[in-house]
Number of protein chains: 2
Amino acid sequence: MSDTNTRPATAVVLFTMDRGLKVLLVGGSRWHLPCGPVEDGESLAACAKRMVTNAVRHSEIYLEQLYTFDGATLGTQGTGIVVTYYALAPLDKVGIPDRDSRWFALADAPALPDGHQRIVDCAGDRLTAKLAYTTIAHQFLPDQFTLAELQAVYEAISQQPLDKRNFRRRLQSSDHLVETGGIRRDGRHRPARLYRLRQPDQVAALRQGNPK
Amino acid sequence: MSDTNTRPATAVVLFTMDRGLKVLLVGGSRWHLPCGPVEDGESLAACAKRMVTNAVRHSEIYLEQLYTFDGATLGTQGTGIVVTYYALAPLDKVGIPDRDSRWFALADAPALPDGHQRIVDCAGDRLTAKLAYTTIAHQFLPDQFTLAELQAVYEAISQQPLDKRNFRRRLQSSDHLVETGGIRRDGRHRPARLYRLRQPDQVAALRQGNPK
DNA sequence: GCAAAAGTGTTTACGTTACACCCATGG
DNA sequence: CCATGGGTGTAACGTAAACACTTTTGC
């Protein structure tokens, strides 16, 4: 049962893409999600951002609310309600974690306290689902990117290989990508064309309207 | 900004189907959503259910969390966080509202206080979206139903007419429906076959896995 | 010239849509 | 017998899936 006199807390599942999808955990010996109580006069989103500010250099980070748990549904007894978020940041915007925090692949994350594992699973499911019908994958990439980089993000999250031609056709016909004209030379092979999002500042729906 | 010392509240958008989609509002003169603070030792879902118990006879009601707002995002200033839910009940499980509560069609609902309209919109969007890929529509129907009744629910929520043959083919091939063998005689025309859900106690996904 | 990744079309299968008539019953 | 809603099939279309080779560069 929740103790509603305890002030609400937020917990954040921060993902980045570094040779695969990684999640940030804190705590050193007893790993857990970044979390903490909301302060007076602080909005929920601001609190969630504050939980990960030591890990993320820039402040314009993608943040989305996941679900709100009470003690009963989380499996922890007591201790108020927890408003959970997930956040995405490209590798070049995250700082090197101190010795109190680390990036883990989802597969080899350590055991987490009651409820935290469920929050991570929930975030992973949401991310996977949104990959299919939004431009959310671009939150892991810099403004300019190659189609191969984009495909790698899709493959890392969905955990399945994608057909190069079908992938490119689908994305290019979706009208969200714009060729910048630039190219990236990268090793002894043909350089790749660079693209950017037509509307970089929003995560747009690919198919049709989807709920908040 | 939210005052996190105020205890959290829940607000509920309760829908039913009565010649179209209806939403329950309370308050008599100044209509608003059923809402109120969480009590000590009460779970969030229990609190949300309590908000609508005077309107719904049975306790097994479909209830799903929508979103959690703070004062800043709701547009109201101050007054803590609000965990919002939406709920669905078939007409035969809802009581006749007292003079302090009424069912409104979405189109002709009165002006609502700050934030409440946004919550209703959010609930409507979620309901419409889930209609497409879950069996949520059945929350408006009794255990046994005809395909025409089911189609009417879909048409009321999506607000567009559906092709009878395509609708029936799609639903029947989805493997969620079972013919009961019974029929319903209803007027001077051919009687309709009755169906039930194969798994009546869960809202199942129609296509593939979708996040919580 | 060769290794390595970028880039490009066509065919096939499948699911979705559009559409019109007969059936069973009550009055 | 007729009015009323219940029930049924097929053809056209568009989308998604499978699949292999040429191009451009660095060394």
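A, B, ... follow the sequence lines: proteins, then strands. Residue 1 opens every chain. Note that the structure is a prediction, hence the values are computed from the model and not measured. What's counted below: heavy atoms across the whole structure, side chains too, no hydrogens, waters or symmetry copies.
Contacts between residues 151-160 of chain B and DNA chain D, defined by a heavy-atom separation under 4.0 Å, are absent.
Checking side-chain atoms of A:Gln139 against main-chain N and O of A:Ile136 turns up no donor-acceptor pair under 3.5 Å. A:Thr134 places a side-chain N or O within 3.5 Å of a backbone atom of A:Lys130 that can act as its donor or acceptor partner.
The distance between atom CG of B:Leu162 and atom P of C:dA18, rounded to the nearest whole Å, is 11 Å.
Under the side-chain hydrogen bond (donor to acceptor under 3.5 Å, both in side chains) criterion, B:Thr10 pairs with no residue at all, not counting sequence neighbours. Listed by chain and residue number, nothing satisfies the side-chain contact (heavy atoms from CB on, under 4.5 Å) test with B:Gln159 (two or more places apart in sequence, or in another chain). In this view, A:Arg169 satisfies the salt bridge (Lys or Arg N to Asp or Glu O under 4.0 Å) rule with no residue, not counting sequence neighbours.
Side-chain atoms of A:Asp125 and A:Thr128 include no donor-acceptor pair closer than 3.5 Å.
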Could you go through residues 16-31 of chain B and list every donor-acceptor pair under 3.5 Å that involves a side-chain atom there, pairing it with any protein atom two or more places apart or in another chain?
| residue | atom | partner | partner atom | Å |
| --- | --- | --- | --- | --- |
| B:Thr16 | OG1 | B:Ala89 | O | 2.6 |
| B:Lys22 | NZ | B:Asp18 | O | 2.9 |
| B:Trp31 | NE1 | B:Gly28 | O | 3.3 |

Where protein sits on nucleotides 3-10 of chain D, one letter per nucleotide: B base, S sugar-phosphate only, - none, heavy atoms under 4.0 Å | BBBBBBBB
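Cation-pi geometry between A:Arg193 and A:Tyr195 is not met at under 6.0 angstrom from the ring centre and within 45 degrees of the axis.
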